[in-house]
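Notes for the one structure printed next.
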Amino acid sequence: LAIGCDEAACDLKEVIKVHLLAQGHEVHDFGTFGGEPVLYPDVGIKLAEAVAAGMFERGILMCGTGIGMAITANKVPGIRAALCHDAETAKGARRWNRANVLCLSLRATSEIVAKEILDAWFATPLGTDAVDVECVEKVGEIERKYQK
């Protein structure tokens, strides 16, 4: 599992990391550390490329709103990053969109809600419904169209 954030979300990242480690997950931290200034695309792209390359099964990215990280991660072919604000959205992102990167907003996500989102994210398997799989495949076709 890969995790990363910009300096705004360092505290939330540490809470999440402790929660994940307590559940037995192996966590690779892409930073940033201790509020060290960083541009969110620099962290987002490194994590997304590592997930896309198969180095990690999933990733979690955080920034002030979560939007910048989601936009950045979704530029990498094979990444389906989802900004989730609650457990039900996290379940849907896994089930219907087969998301492999979870994005969180520091401003909109309390520690309690973050843990609920994480628990739902890890408890929900990738969906296998034919229509959902077809939709994800179509997204992949669109992605390949623009890789030329």
Side-chain angles (χ1 to χ4, degrees), residues 1-129 131-133 135-140 142-143:
L1 173 65
I3 191 169
C5 69
D6 67 2
E7 69 273 8
C10 282
D11 291 342
L12 179 61
K13 181 190 72 166
E14 292 305 316
V15 166
I16 287 172
K17 197 158 103 175
V18 167
H19 182 72
L20 294 171
L21 291 169
Q23 292 185 335
H25 295 283
E26 290 183 33
V27 178
H28 179 83
D29 193 336
F30 279 80
T32 193
F33 304 98
E36 166 192 338
V38 64
L39 299 175
Y40 69 81
D42 293 337
V43 173
I45 196 72
K46 287 177 188 172
L47 183 143
E49 287 175 342
V51 171
M55 295 170 62
F56 302 96
E57 182 182 335
R58 300 184 213 186
I60 301 170
L61 289 167
M62 293 151 271
C63 65
T65 64
I67 296 168
M69 288 295 198
I71 290 170
T72 300
N74 279 317
K75 299 296 182 193
V76 177
I79 294 299
R80 291 172 308 282
L83 174 59
C84 297
H85 291 292
D86 57 47
E88 288 305 310
T89 304
K91 288 179 189 177
R94 292 288 294 162
R95 184 177 301 124
W96 301 314
N97 309 118
R98 301 175 67 89
N100 53 7
V101 174
L102 171 65
C103 296
L104 298 172
S105 164
L106 167 70
R107 290 183 174 89
T109 311
S110 69
E111 290 180 17
I112 292 169
V113 171
K115 290 175 184 177
E116 291 172 356
I117 291 169
L118 290 168
D119 292 346
W121 174 263
F122 285 104
T124 305
L126 295 177
T128 57
D129 180 80
V131 172
D132 298 332
V133 171
C135 286
V136 171
E137 288 172 357
K138 282 194 172 281
V139 170
I142 293 166
E143 195 173 70

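We use all heavy atoms of the structure for the numbers below, so side chains are in, but hydrogens, waters and symmetry mates are not.
- For the atom pair NZ (K91) and CG (D86), the distance works out to 9.5 Å, reported to the nearest 0.5 Å.
- Between G64 and A8, the shortest heavy-atom contact is N-CB, 4.3 Å.
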Residues 49-59, side-chain donor-acceptor partners within the protein, below 3.5 Å, at least two apart:
{"unit_1": "R58", "atom_1": "NH1", "unit_2": "W121", "atom_2": "O", "d": "3.0"}

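- The CG atom of L61 sits 13.0 Å away from atom OG of S105, with the distance rounded to the nearest 0.5 Å.
- Minimum interatomic distance between R94 and N100 (heavy atoms only, all atoms of both residues): NH1-CA, 4.4 Å.
- We find the CD1-CD distance between I79 and E143 to be 8.5 Å, quoted to the nearest 0.5 Å.
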Donor-acceptor list for residues 27-48 side chains, cut-off 3.5 Å, not counting sequence neighbours:
{"unit_1": "D29", "atom_1": "OD1", "unit_2": "K13", "atom_2": "NZ", "d": "2.9"}
{"unit_1": "D29", "atom_1": "OD1", "unit_2": "G31", "atom_2": "N", "d": "2.7"}
{"unit_1": "D29", "atom_1": "OD2", "unit_2": "K13", "atom_2": "NZ", "d": "2.9"}
{"unit_1": "D29", "atom_1": "OD2", "unit_2": "K17", "atom_2": "NZ", "d": "2.8"}
{"unit_1": "T32", "atom_1": "OG1", "unit_2": "E36", "atom_2": "O", "d": "2.8"}

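- Residue H85 holds its NE2 atom at 9.0 Å from CG of L104, rounded to the nearest 0.5 Å.
- At least one side-chain heavy atom of V15 sits under 4.5 Å from a side-chain heavy atom of K115.
- Between the side chain of D119 and the backbone N or O of A87, no donor-acceptor pair lies under 3.5 Å.
- Within the 4.5 Å cutoff, no side-chain heavy atoms of V18 are placed close to those of E14.
- Taking CG from L126 and CZ from R95, the interatomic distance works out to 11.0 Å, rounded to the nearest 0.5 Å.
- In this structure, CD in E88 is found 8.5 Å from OG1 in T124, a value given to the nearest 0.5 Å.
- Under a cut-off of 6.0 angstrom, the local environment of CD in Q23 is crowded, with over 12 non-hydrogen atoms contributed by other residues, nucleotides or ligands.
- Looking only at distances, no side-chain donor or acceptor of N97 sits under 3.5 Å from a matching main-chain atom of A99.
- L118 pairs by the side-chain contact (heavy atoms from CB on, under 4.5 Å) definition with I16, H19, L20, I60, L102, F122, not counting sequence neighbours.
- Between A73 and V101, the shortest heavy-atom distance links the atoms CB-CG1, 4.4 Å.
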